[in-house]
Every structure is written in C-alpha cells, then in structure tokens.
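I have placed the structure first, in the form of structure tokens, so that the comments after it can refer back to it.
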Amino acid sequence: MIETFKEIWRFADKEQGNVIKSIINNFLNAIFYMLQIGAIFFAIDAMLKENAEKKTIFLCLGMILVGIIGRIITNTFSQLQQTHAGYFMAANKRVSIGEKIKKIPMGFFNQSSLGNLTGICTSVLGDVEMTAPMVLVTTMSGFITSFVFVVYMLIFDWRIGLIAVAGMFLFLWTASLTDKKAKEQAPLRQNAQAELVSNILETVQGMAVIKSFNLTNIDDKKVDRAIEHSRDGNLAMELVLTPYTILQETVLKSASAVIMVTAALLCVSGKMELSFGLMFIIVSFSVFEQLQAAGSGVSIMRVCSNSMEQACQADQVEELDTNGKNIDVPMHDIVFEHVDFAYEDRKILSDVSVVMPDKMTTAIVGPSGSGKSTVCSLIARFWDVDQGSISIGGTNIKDYTLSSLMKQISIVFQDVYLFHDTIANNISFGTPNATQEQIETAAKKACCHDFIMSLPNGYETVIGDGEASLSGGEKQRVSIARAILKDAPIIILDEVTASVDPENEQLLVNAIEELTKNKTIIMIAHRLKTVRNANQILVLSDGKFVQQGTHEELICQPGIYADFVNGRKKADSWKIVKE
C-alpha cells in the first residue's frame with residue numbers, strides 16, 4: 001500500500017503542492033471538528049456540575065461557530081485544490097504523452113494501437129483525474145486525522161486510547177488485504193476498459209466499410225462483447241472487494257462500540273468522570289470517520305495506480321533524438337550504407353546500399369510490399385534501421401535532433417491528413433509564423449488558390465465543419481502547398497498521383513513541378529510518365545535494389561523495370577470496342 005502511495009505521489013509531479021495544501025486543509029477541518037466536540041464537552045461538564053454561566057454558553061457557542069465556519073472554509077479550499085490537482089495531473093500527462101509520441105519510433109504504434117492510446121488518454125486518465133487526488137488526500141488526511149484523534153484520546157484516558165490504537169492497527173491490516181486483492185483485479189478491469197474504447201473507436205472509424213458490407217449486426221456483437229467484458233470486469237472487482245470493505249467497516253464499528261461500552265463501564269464503576277465518559281461516547285462515533293473514508297479509497301487507489309502504470313507506458317520508450325544535435329548541412333545527398341530493417345520478425349530491407357544525389361530526382365519503383373514506403377520512412381526516421389546507417393549531407397541522421405532533421409525534409413503522402421482547422425492553418429502547419437501573403441503564394445503555386453477562394457470563407461473555411469468537403473486531388477494540392485511553404489531541401493513524394501482522377505492529375509503535376517524546383521527528390525510512383533524523367537530510377541524487390549539507372553538505360557535491360565514499362569504500355573493501349 002505504501003508503494004501505491006508513492007506511485008500516486010510521483011505521478012502528481014507539479015501538483016504535489018496542491019495535494020499537500022488539500023491534505024493540510026483536511027487536517028485543519030478535523031481540528032475544527034474537534035473544536036466543536038470540545039464545545040460539547042464544556043457544555044456537558046458545566047451542566048453536570050451545575051455551574052453553567054452565560055460566559056460558558058457564549059464560549060461553547062463561539063467554539064461551535066468557529067468550528068462550523070472553519071470547516072466550511074477548509075473544506076472549500078481542500079476541494080478546490082484537490083480538483084485542481086486531479087485535472088492538471090491528467091492534463092499534464094496527456095500533454096506529456098503528446099510530446100513523447102512525437103519523439104519515439106513509429107514501431108511503438110504497431111505495439112500500441114490507436115484505440116489503446118485513445119483509451120489511455122480518455123478513460124484511463126479520466127479515472128486518474130477523478131479519483132487519484134481524492135484518494136491520496138482522503139487516505140493520507142484520514143490516517144493523520146485519526147492518529148491525532150487517537151493521541152487526543154490517549155492523553156485524556158490511556159485505556160480508551162489503547163482501544164483506539166488497536167482499532168487502527170486492525171484496520172490497517174484489513175486495508176492491506178484489500179490492497180492485495182485490488183492489485184489482482186485492477187489490471188483486468190483496466191484492460192477491459194481499454195478494449196472497450198478500442199472497439200468503439202474502431203467501429204466508428206470503420207463505419208463506412210461496415211455499412212457497405214451490411215455487417216452492422218456482426219460488428220455490433222463485437223462491441224457488445226467488449227461492453228460485457230467491461231461490465232464483468234467492474235462487477236468482478238466489486239464482488240471480490242466487497243467482503244473486505246465490509247470487514248474494514250466491521251472492525252471500525254466494533255472498535256467504536258468497544259470504546260462506548262468501556263467508557264460507560266468506567267463511568268459506572270466510578271473510574272471515569274461522567275463528563276469524560278459522555279465525551280468519549282460522542283467521540284467514538286467520529287474517531288474513525290476519516291479512517292473509514294480512507295478505507296473506502298484503498299481499492300480505488302489500486303485502480304488509480306494501475307491506470308497510472310498504463311498512462312506511463314510511452315515513458316519507457318527511448319526517444320530518437322536523445323543525443324542529437326541541431327545540424328544544418330549545405331549538401332543534401334542521401335546515402336544508405338548496408339541498411340537492414342525488419343518490422344518485428346518480417347524482414348523488409350536487407351543490406352541496402354545506395355546513393356540518392358543532391359538536387360536530383362530519384363524514383364523508386366517495385367512490386368507492392370517490396371519496401372518502397374519503408375525506405376522513405378527510414379530517411380525521415382519514423383523508424384530506426386536495425387543495421388547500417390543513413391546519412392544526409394554526409395551526417396548520420398541519428399546525429400540530428402528530430403527537429404533539425406525534419407527541417408531538411410518535406411513529405412507529401414498518398415493518404416493526406418488535414419486537421420480540423422482552417423485551410424490557412426493547414427497550409428501553414430509546418431510554418432506557423434507564415435504571413436497570409438506567403439500562404440496564398442504557396443497555394444497559388446500548388447494550384448489550389450482558385451478552389452479555396454470558391455469556398456464559403458476562403459482560407460478561413462474550417463475543414464470538416466460541413467463547409468469544406470475536399471476531393472482527394474484538392475487535399476493533395478493543399479498538402480503540396482504546405483510543403484511549398486515549408487521549403488525544405490529534400491522532398492519525399494509517396495505515390496501522390498496514384499488515386500487522383502485525370503482532371504486533377506495535371507494540376508497536381510504542375511504543383512509538384514513547382515514544389516520540386518532545385519530540390520533533392522525521392523519519388524515513389526507507379527505511373528510511367530511520373531518516373532521516366534527521373535535522374536535515376538531504383539528498382540526495389542525482395543528487400544534489395546536490384547536495378548539502378550535512367551529510364552533509357554533500364555528499358556534496355558531485361559528485368560522488373562522493363563516488364564513494368566511494357567505492362568503499363570499494354571494497359572494504356574486498352575480500348576473499349578463497341579460491337
């Protein structure tokens with residue numbers, strides 16, 4: 001249980017100050033409560049001794065009022081600080097995860113699905129923000145306050161005090177048992193929650209495919225199973241912990257009952273003044289009140305601990321640019337030297353060595369799954385090579401910080417992702433300080449200014465708000481405008497014209513020509529007219545570059561490239577004949 005406290009305390013990080021303030025306010029709240037009990041004692045003592053005076057009445061009334069006002073103020077501040085700590089503990093962790101995943105290999109996302117990450121940032125950290133500070137504050141202040149009560153009782157009567165001490169130790173024993181059981185069940189519950197979020201997210205994202213194949217009932221069953229699994233996980237945890245919760249309450253109530261009976265017997269036998277006996281009977285109802293609240297949080301505390309372990313998964317992954325330096329090189333040739341790379345157990349590249357010259361266009365062709373996109377991803381350090389090295393301008397890419405490396409590179413993907421933001425902000429995403437004039441100039445070069453101006457709010461139109469539903473070609477041109485504005489010396493084009501209609505293709509070609517002027521170009525393409533003008537063509541097959549040369553050189557050689565060209569020519573010559 002102590003380790004769990006430490007985990008939550010470490011996770012609180014910058015919010016530890018607010019947690020401490022909340023605990024102090026909770027403790028002061030208990031002191032004000034004791035002040036009210038003290039007022040009751042003085043009133044009882046005065047009545048029993050029949051010497052009640054106005055000053056005694058006013059003293060008791062004043063103590064009660066101070067106690068009430070003090071409890072209101074301390075409770076208010078405690079709740080505010082506790083809530084602040086909870087929200088910011090989770091918020092800081094979400095920001096931390098966002099920053100971390102920018103700096104770790106893409107392989108992490110193969111092992112941790114989008115659904116799992118979403119689950120961590122939503123339901124898992126939601127659990128943390130709602131319960132972690134509450135559990136920490138309630139439990140710690142409960143122990144401290146109960147300890148003060150016990151000391152208070154020991155001072156007034158050691159016999160009653162010893163009963164209270166025994167009750168506390170028995171409670172701690174039951175709390176330890178509860179923590180062990182919660183430790184067994186918490187991971188199962190958390191995994192079920194993450195599975196539920198993952199399945200719901202997958203269903204929402206794939207709804208178009210599900211509906212097109214009329215599989216709504218089948219997919220519903222998958223989500224239903226996840227919901228049932230989550231329900232079973234929560235119920236199982238409650239069923240396992242309920243007996244221990246009852247045991248905790250039984251121990252505390254029994255200790256309170258023993259205090260009451262003992263106080264009564266001591267009074268009857270004349271070994272304790274009646275006023276003290278009545279005070280102990282009253283106190284017996286509240287001496288373990290804070291401790292009972294702490295006990296109910298022990299099982300929740302274990303759930304919080306498990307949630308925090310999940311939220312910290314990304315922290316264990318080594319960042320890519322730990323030892324990188326800010327480097328700017330005059331030349332931008334790209335050199336692969338004996339590069340090996342595999343996705344887990346599947347080998348993709350094997351002993352690849354090649355040079356992609358500065359300010360020239362290198363086209364990469366090859367069968368699907370041969371590793372073309374992987375080559376580009378390795379240049380940008382989305383993954384790290386298993387063996388060998390990749391250098392830009394004579395410097396190993398591992399020696400760059402990710403920031404300085406990505407300043408050298410712009411990538412235009414086949415599947416364009418535009419953010420839920422204005423078109424202007426999407427274009428300036430890689431260059432946030434760009435002026436409106438620079439944004440419009442880049443858009444004109446990318447041949448997308450005209451269609452942007454036809455939108456309801458022009459460059460201020462928000463993509464995804466119903467005002468802007470862009471075609472694939474329009475999205476590609478916006479992404480090219482983004483790359484033009486960034487003006488990086490290396491441009492990677494990943495099959496950007498593969499799924500574009502003929503009407504948009506020429507506009508895209510014009511945009512690409514504007515983007516690639518005087519740059520080092522790496523181009524993945526399947527269309528002959530896209531690659532034939534490249535300075536060099538690399539043919540990738542079975543994890544190796546099996547051919548290298550210009551179009552004129554390779555077309556004369558038997559092999560994959562000649563077969564590729566001839567196959568394209570046959571396809572282009574197909575005609576629909578009307579009979």
Is there a side chain to side chain donor-acceptor pair (under 3.5 Å) between His338 and Gln387? Walk through the geometry before answering.
CA-CA 7 Å; His338 305 290; Gln387 297 290 334; over 6 Å; no
The test is side chain to side chain contact (heavy atoms under 4.5 Å, CB included); show your working for Ile522 and Ile364 and say whether it passes.
CA-CA 7 Å; Ile522 298 93; Ile364 303 174; 3.7 Å; yes
As a quick check of understanding, evaluate side chain to side chain contact (heavy atoms under 4.5 Å, CB included) for Leu538 and Val365, giving each step before the final call.
CA-CA 6 Å; Leu538 304 175; Val365 299; over 6 Å; no
Derivation of the side chain to side chain contact (heavy atoms under 4.5 Å, CB included) call for Thr362 and Asn535
CA-CA 6 Å; Thr362 298; Asn535 300 102; over 6 Å; no
Side chain to side chain donor-acceptor pair (under 3.5 Å), that's the test. Do Thr401 and Ser404 meet it? Break it down for me.
CA-CA 5 Å; Thr401 61; Ser404 61; 2.9 Å; yes
Pair Arg381, Lys398 - check side chain to side chain contact (heavy atoms under 4.5 Å, CB included), show working.
CA-CA 8 Å; Arg381 265 197 103 187; Lys398 290 185 178 181; 3.9 Å; yes
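A heavy-atom distance below 4.5 Å is not found between the side chains of Ile390 and Asn396. Looking only at side-chain heavy atoms (C-beta outward), Ile492 and Val412 stay at 4.5 Å or farther from each other. In this structure, Thr374 and Trp383 have side chains that are not in contact, with every pair of non-hydrogen atoms separated by 4.5 Å or more. A heavy-atom distance below 4.5 Å is not found between the side chains of Asp421 and Val462. Looking at Ile327 and Leu405, their side chains never come closer than 4.5 Å, going by heavy atoms from C-beta outward. Between Ile560 and Val546 there is a side-chain heavy-atom pair separated by less than 4.5 Å. Side-chain contact between Ile423 and Ile463: present, with at least one pair of heavy atoms (C-beta onward) separated by less than 4.5 Å. Taking the side chain as every heavy atom from C-beta outward, Met356 and Val375 approach each other to under 4.5 Å.
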Could you pull out all donor-acceptor pairs under 3.5 Å where a side-chain atom in residues 479-491 meets a protein atom, sequence neighbours excluded?
unit_1	atom_1	unit_2	atom_2	d
Ser479	OG	Gln476	O	2.6
Arg482	NE	Asn426	O	2.9
Arg482	NH2	Asn426	OD1	3.4
Lys486	NZ	Met406	O	2.6
Lys486	NZ	Ile409	O	2.5
Asp487	OD1	Lys519	NZ	2.4

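The line from CG of Leu455 to OG1 of Thr461 is 4.5 Å long, rounded to the nearest 0.5 Å. Expressed to the nearest 0.5 Å, how far CZ of Phe341 lies from CZ of Arg346 amounts to 9.5 Å. Note: Lys325 NZ to Thr395 OG1 = 10.0 Å, rounded to the nearest 0.5 Å. Rounded to the nearest 0.5 Å, atoms NE2 (His449) and CD1 (Ile439) are 12.5 Å apart. Atom CG of Asp351 is separated from atom CZ of Phe545 by 12.0 Å, given to the nearest 0.5 angstrom. How far SG of Cys376 is from CD1 of Ile411: 7.5 Å, rounded to the nearest 0.5 Å.
Between His84 and Glu15, the side chains place a donor N or O and an acceptor N or O closer than 3.5 Å (distance only, hydrogens not considered). In this model, no donor atom of one side chain and acceptor atom of the other lie less than 3.5 Å apart for Ser353 and Glu337. Residues Thr520 and Asp358 bring a donor and an acceptor atom of their side chains to less than 3.5 Å of each other.
For residues 432-444, the side chain to side chain donor-acceptor pair (under 3.5 Å) pairs, not counting sequence neighbours, are Thr435-Gln438, Gln436-Glu440. Applying the salt bridge (charged side-chain N to carboxylate O under 4.0 Å, His left out) test to every pair with at least one member in residues 538-561, sequence neighbours left out, gives no pairs at all.
Of all the heavy atoms in Leu540 and Lys372, the pair that sits closest is CD2-N, 3.5 Å. Here the closest heavy-atom approach between residue Ser373 and residue Asp494 is recorded as OG-OD2, 3.2 Å. Closest approach of Ile348 and Gly371 over heavy atoms only: CG2-CA, 3.8 Å. Considering every non-hydrogen atom in both Ser541 and Ser370, the closest pair reads CA-CB, 4.3 Å.
The number of heavy atoms from other shown groups lying within 6.0 Å of CZ (Phe429) does not exceed 12. Within 6.0 Å of the CD atom in Gln557, the count of heavy atoms belonging to other residues, nucleotides or ligands exceeds 12.
Residues passing the side chain to side chain donor-acceptor pair (under 3.5 Å) test with Ser377, sequence neighbours excluded: none. With sequence neighbours excluded, the residues satisfying salt bridge (Lys or Arg N to Asp or Glu O under 4.0 Å) with Asp340 are Lys347. Applying the side chain to side chain donor-acceptor pair (under 3.5 Å) test to Asn92 and every residue at least two apart in sequence or in another chain returns nothing.
Tested against Ile397 for a side-chain contact (heavy atoms from CB on, under 4.5 Å), the candidates Asp384, Ile334, Ile392, Val385 yield a single pass: Ile392.
Under the 3.5 Å distance criterion, the side-chain polar atoms of Arg477 are matched with a main-chain donor or acceptor of Cys447. When atom types are taken as modelled, the side chain of Gln547 and the backbone of Tyr561 share a donor-acceptor pair closer than 3.5 angstrom.
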